[in-house]
Protein chains: 2
Amino acid sequence: MGLTKTAIFSDTQNEISVFAKVIGHPARVAILEQLFKIDSCICGDFVSEIGLAQATISQHLRELKQMGLIKGTIEGTSVCYCIHRENWTKMKKVMTQFLDQDLSEDSCC
Amino acid sequence: MGLTKTAIFSDTQNEISVFAKVIGHPARVAILEQLFKIDSCICGDFVSEIGLAQATISQHLRELKQMGLIKGTIEGTSVCYCIHRENWTKMKKVMTQFLDQDLSEDSCC
DNA sequence: TTTATTTATTGCAATATTACGATTAATATC
DNA sequence: GATATTAATCGTAATATTGCAATAAATAAA
């Protein structure tokens with residue numbers, strides 16, 4: 001099939017997995033890291049920094065934009081991208097809550 | 001293509017994305033949540049709890065095991081699964097470091 | 001030994017993802 | 001206006017993922 005059965009899972013479970021999925025590609029990780037490192041907008045320098053074709057980068061940027069993690073502003077012929085702070089914070093909260101789960105000592109084999 | 005070009009990314013970038021990818025499916029999120037909730041091993045109760053076929057669950061368990069997030073111990077005819085605490089902690093560290101990045105105020109558009 | 005019970009594996013079909021060349025659209029610059 | 005420059009989109013190919021039925025393997029119970 002290839003089609004995830006989202007209906008049988010809770011909203012939170014789906015939310016966690018969707019957030020994780022968007023981080024689940026090194027190119028998107030690299031894009032986000034660059035935006036944090038520069039600590040401002042980046043206008044079109046992704047293609048030269050990351051070794052992927054322009055069309056491919058554009059596709060990854062679209063996915064990040066669709067998930068709301070970045071936003072782009074048109075600036076003449078180029079587009080300036082930056083982190084969407086509110087949404088990043090929201091994702092951080094959701095993911096951290098999941099990751100921070102813990103077990104009591106020696107609870108299992 | 002469909003083949004991620006891991007070679008052009010850093011080890012850290014690949015590590016983050018691989019960890020995220022394994023969390024990137026609600027069934028695997030559900031399995032992990034159950035293990036944390038029960039706070040001990042689970043022997044074969046996944047299929048009844050999650051609404052997916054036995055073969056599918058087994059496949060997801062294998063992926064989690066391959067990533068080292070869970071470990072299984074054979075217990076007669078059934079297998080008891082539990083969280084691999086050390087590896088979970090390691091993943092938490094890697095992911096948290098990535099998620100905790102922050103921007104200075106008003107750094108962008 | 002025969003018969004459950006339980007999990008892993010295999011084989012398959014359907015959908016998703018990744019990547020890129022080519023093209024399009026939009027604005028700058030000449 | 002004609003020509004660059006930049007980013008998005010389209011089309012396509014290759015690989016990955018998801019899901020399940022059927023089967024295999026391994027142990028427990030009768």
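Proteins come first, then strands; the chains are lettered A, B, ... in the order of their sequence lines, and each starts at number 1.
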Rounded at 0.5 Å granularity, tell me how far OG1 in A/Thr89 sits from NZ in A/Lys92. 6.0 Å
Anything under 4.0 Å to a heavy atom of chain B counts; send over the first and last such nucleotide of DNA chain D, read 5' to 3'. D/dA13 to D/dA28
Classify A/Ser58 by what it touches in the nucleic acid, base, sugar-phosphate, or nothing, heavy-atom distance under 4.0 Å. base
Other residues, nucleotides, ligands: >12 heavy atoms within 6.0 Å of A/Ile8 CD1: yes
Using modelled atom types and a 3.5 Å cut-off, is there a donor and acceptor pairing between side-chain atoms of B/Arg28 and backbone atoms of B/His60? no
Charged N-O contact under 4.0 Å between B/Lys37 and B/Glu49: no
Check the surroundings of atom CG in A/Asp100: do more than 12 heavy atoms from other residues, nucleotides or ligands lie under 6.0 Å from it? yes
Treat primed atoms plus P, OP1 and OP2 as sugar-phosphate and everything else as base, then score nucleotides 17-30 of chain C 5' to 3': B for base contact with protein heavy atoms under 4.0 Å, S for sugar-phosphate contact only, - for none. BBBBB-----BS--
Does A/Gln54 offer a backbone N or O that forms a donor-acceptor pair with the side chain of A/Ser58 under 3.5 Å? no
Pairwise distance CD(A/Glu33) to CD(B/Gln13) - rounded to 0.5 angstrom: 4.5 Å
Which residues pass the ring-ring contact (aromatic ring centres under 6.0 Å, His included) test with A/Phe98, not counting sequence neighbours? B/Trp88
